[in-house]
Amino acid sequence: MQIQLETQPYSSLQADAIVTYVFDKDTKIEGVLADLDRGMDGRLAALAEGGEITGKALEMVLIHFPEGLDAKRLLLVGAGKPDKFAVSDLRKIAGAALRYLKSRGVKKIVFLAREGERDAAAVRAIGEGLIVGDFESDKYKSEKKNNEEIQSVSLSGFEGAMPAELNSALDCGRVIAESQNFARDLINEPSNRLTPRILAARAEVMAKEVGLRVEILDERKISELKMGALIGVAQGSVEPPRVIVIRYTPENPRPGAPVLGLVGKAVTFDTGGISIKPADNMEKMKYDMGGGATMLGAMRALAYLKPSIPVIAVIPATENMPGGRAQKPGDVQVAMSGKTIEVINTDAEGRLILADGVTYARKLGCTHLIDAATLTGAIQVALGSVHVGAFGTPREYLDQFLESAKAVGEKMWPMPMDDDYEELIKSNIADIRNTGTGKGGGAITAAWFIKEFAEDVPWVHLDIAATCWVDDGKPWLAKGPTGVAIRSIVDFAQKL
Ligand code: BES
Ligand code: ZN
Ligand code: ZN
């Protein structure tokens, strides 16, 4: 799909559909819509009057053969109440419009900006919305929906703004959205087609393509480094673990600049191990590598966007299987940091591999950390599938991260990290245990476990277990992997 900025007047553009949006307010037909309405002899005003155009969020009104336009259709997308509207809503509007038109055989779209949103931020949001909205999970379907492909989208109505700025905003949006889709592709892969070794190979290909340094630690190197927590998880599988290390270094690194470490959980399949999961929904545990994919997507985007600080991704990858050599409840493992861990539940494996991931990132010199993981079912109980659970210390560092999330329109909610929760992961026979005491707060005790390894390094932990995958599609998003958190992480790295 091609996306470009258009400078010709929209009325003379040949297209299968022109898309614009309409607010839910008393005077719906104003500005750009009033222009359109004049060409259409007041038809829009009449439709609004008759209650067929309400402006309710994501309502679709499709008008065929609109007078005064060379395009074959006019699609008006509801934008909701104007006082609640933010630039990030353009992402949803663009994605929803694209998905709506795609299923109607439309090939060529013009997206017409409105008087309030004609800047770089709008262009970027629209571009992202279109590309993320275009993603489908049909890789393994024999019958592809090729007849339902959008060929081009022209962004119109931006005449007043600086073209160079708009083009670079569009490029930025394109890179980020394509990186999101890159991660979503990986997350979709079934575990027989994405083992830790295959994930590492795909990470290597990506890194080389975009010019990043990459190193894959194999099982020998992992055991030399004494990553006992990762090894404990991996030993139940015949598939060997890997640790993927990808580095971005800016051209003129500032002396003393922070080094950002991105640690992602990549359990390519989580059976639960000996503490085995029930069969219902277990197939979804192929997406337990979503945190790792998130960090790969973020690195891909950063390679193009070139932030001023070095960034290192550390992605421990393994299966969690109940093989004959699997670790058992009650086992004690020695993590790379030297801390001893009593494994109460082998299904709480994510925090184990992150422990060594975080330790290794610190060893490589990371001064600031973010981890992302499909870590707990408890985060779904706490926040549903709406917000990512965001943990972190110190609080100012977490707040800084949440600013980025807000800026890019990703919903994240701060979770408590009071010392009181630390008590819950004390073990009788080792330094810590890998689960809380079972009286709730499961997402928080999981976060606290990781903090035991991040220690005083500024650290953010994103529990994406409930947001990395959506079972029901949304008008702007196919069901399946979402690619959540990449936009925030990239924004944060650019601002740190
Ligand atoms: N991978 C799961 C968490 C998960 C659950 C991800 C649902 C996506 C959807 C994780 O490894 C896990 O099993 N966590 C346990 C921890 C418990 C044993 C303390 C959980 O949340 O039940
Ligand atoms: Zn698990
Ligand atoms: Zn898991």
Side-chain angles (χ1 to χ4, degrees), residues 187-188 191 194 196 199 229-230 232-237 241 263-294 315-322 326-331 341-357 371-389 391 415 421 424-425 427 432-450 461-472 479-482 484-485:
I187 295 169
N188 253 339
S191 72
L194 196 86
L199 178 64
L230 169 60
V233 175
Q235 72 191 41
S237 171
V263 183
K265 168 181 174 181
V267 173
T268 58
F269 197 83
D270 182 10
T271 65
I274 296 299
S275 316
I276 199 160
K277 289 181 181 294
D280 265 1
N281 290 320
M282 203 208 268
E283 76 285 355
K284 280 171 61 192
M285 282 303 112
K286 70 175 187 179
Y287 83 73
D288 212 18
M289 34 60 72
T294 301
I315 300 165
T318 179
E319 290 188 333
N320 186 24
M321 296 286 287
Q327 66 180 350
K328 302 170 286 297
D331 286 2
I341 304 166
E342 185 185 5
V343 179
I344 301 294
N345 189 315
T346 65
D347 196 10
E349 84 297 342
R351 61 199 81 181
L352 295 172
I353 73 170
L354 289 172
D356 285 342
D371 81 70
T374 48
L375 203 64
T376 68
I379 201 66
Q380 171 112 46
V381 178
L383 299 175
S385 292
V386 176
H387 285 90
V388 170
F391 304 75
M415 299 289 288
Y421 294 100
L424 307 179
I425 53 169
S427 159
I432 46 174
R433 44 188 273 155
N434 79 331
T435 63
T437 46
K439 299 204 184 80
I444 307 172
T445 47
W448 248 107
F449 184 95
I450 304 167
H461 157 61
L462 304 174
D463 193 334
I464 57 171
T467 44
C468 165
W469 184 279
V470 286
D471 284 327
D472 321 304
K479 62 177 155 212
T482 60
V484 73

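For the single chain, residues carry numbers from 1 onward in sequence order. When a ligand or atom number is given, it counts from 1 through the structure's own listing order.
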* Asked: the Zn ion (ligand 3) to K265: any N/O/S contact under 2.8 Å?
  -> yes
* Could you name all protein N, O or S atoms found under 2.8 Å from the Zn ion (ligand 2)? => D270 OD2, D347 O, D347 OD1, E349 OE1
* State, yes or no, whether a side-chain contact exists between T435 and T445 at a heavy-atom distance under 4.5 Å. => no
Throw together a table of side-chain donor-acceptor distances under 3.5 angstrom for residues 378-387, partners on residues two or more places apart or in other chains.
from : atom 1 : to   : atom 2 : distance (Å)
Q380 : NE2    : S385 : OG     : 3.0
S385 : OG     : A466 : O      : 3.0

* Asked: Which atom names give the shortest non-hydrogen contact between P481 and N188, and what distance separates them?
  -> CD-OD1, 3.3 Å
* Student check: side-chain heavy atoms of M289 and I315 closer than 4.5 Å -> no
I'd like a table of the close N/O pairs between ligand 1 and the protein (anything under 3.5 Å), one pair per line with both atom names and the distance.
from     : atom 1 : to   : atom 2 : distance (Å)
ligand 1 : 1 (N)  : K265 : NZ     : 3.4
ligand 1 : 1 (N)  : D270 : OD2    : 3.1
ligand 1 : 1 (N)  : D288 : OD1    : 2.9
ligand 1 : 1 (N)  : D288 : OD2    : 2.9
ligand 1 : 1 (N)  : T374 : O      : 3.4
ligand 1 : 11 (O) : K265 : NZ     : 3.2
ligand 1 : 11 (O) : D270 : OD2    : 2.9
ligand 1 : 11 (O) : D347 : O      : 3.0
ligand 1 : 11 (O) : E349 : OE1    : 2.8
ligand 1 : 11 (O) : E349 : OE2    : 3.0
ligand 1 : 13 (O) : K277 : NZ     : 2.8
ligand 1 : 13 (O) : D347 : O      : 3.0
ligand 1 : 13 (O) : D347 : OD1    : 2.7
ligand 1 : 13 (O) : D347 : OD2    : 3.1
ligand 1 : 14 (N) : L375 : O      : 3.4
ligand 1 : 21 (O) : G377 : N      : 2.7

* Is the centre of the Y421 ring less than 6.0 Å from the centre of the W448 ring? -> no
* Please list all pairs passing the salt bridge (Lys or Arg N to Asp or Glu O under 4.0 Å) test where one or both residues lie in residues 432-441, with sequence neighbours left out. => none
* To do: For the residue pair T346 and K328, establish whether any side-chain heavy-atom pair is separated by less than 4.5 Å.
  => no
* To do: Report yes if the side chains of K286 and W469 come closer than 4.5 Å at any heavy-atom pair, otherwise no.
  => yes
* To do: Using a strict 4.0 Å threshold on nitrogen-to-oxygen distance, state whether D288 and K265 make a salt bridge.
  => yes
* To do: Would you indicate whether the side-chain heavy atoms of H461 and L375 approach each other to under 4.5 Å?
  => yes
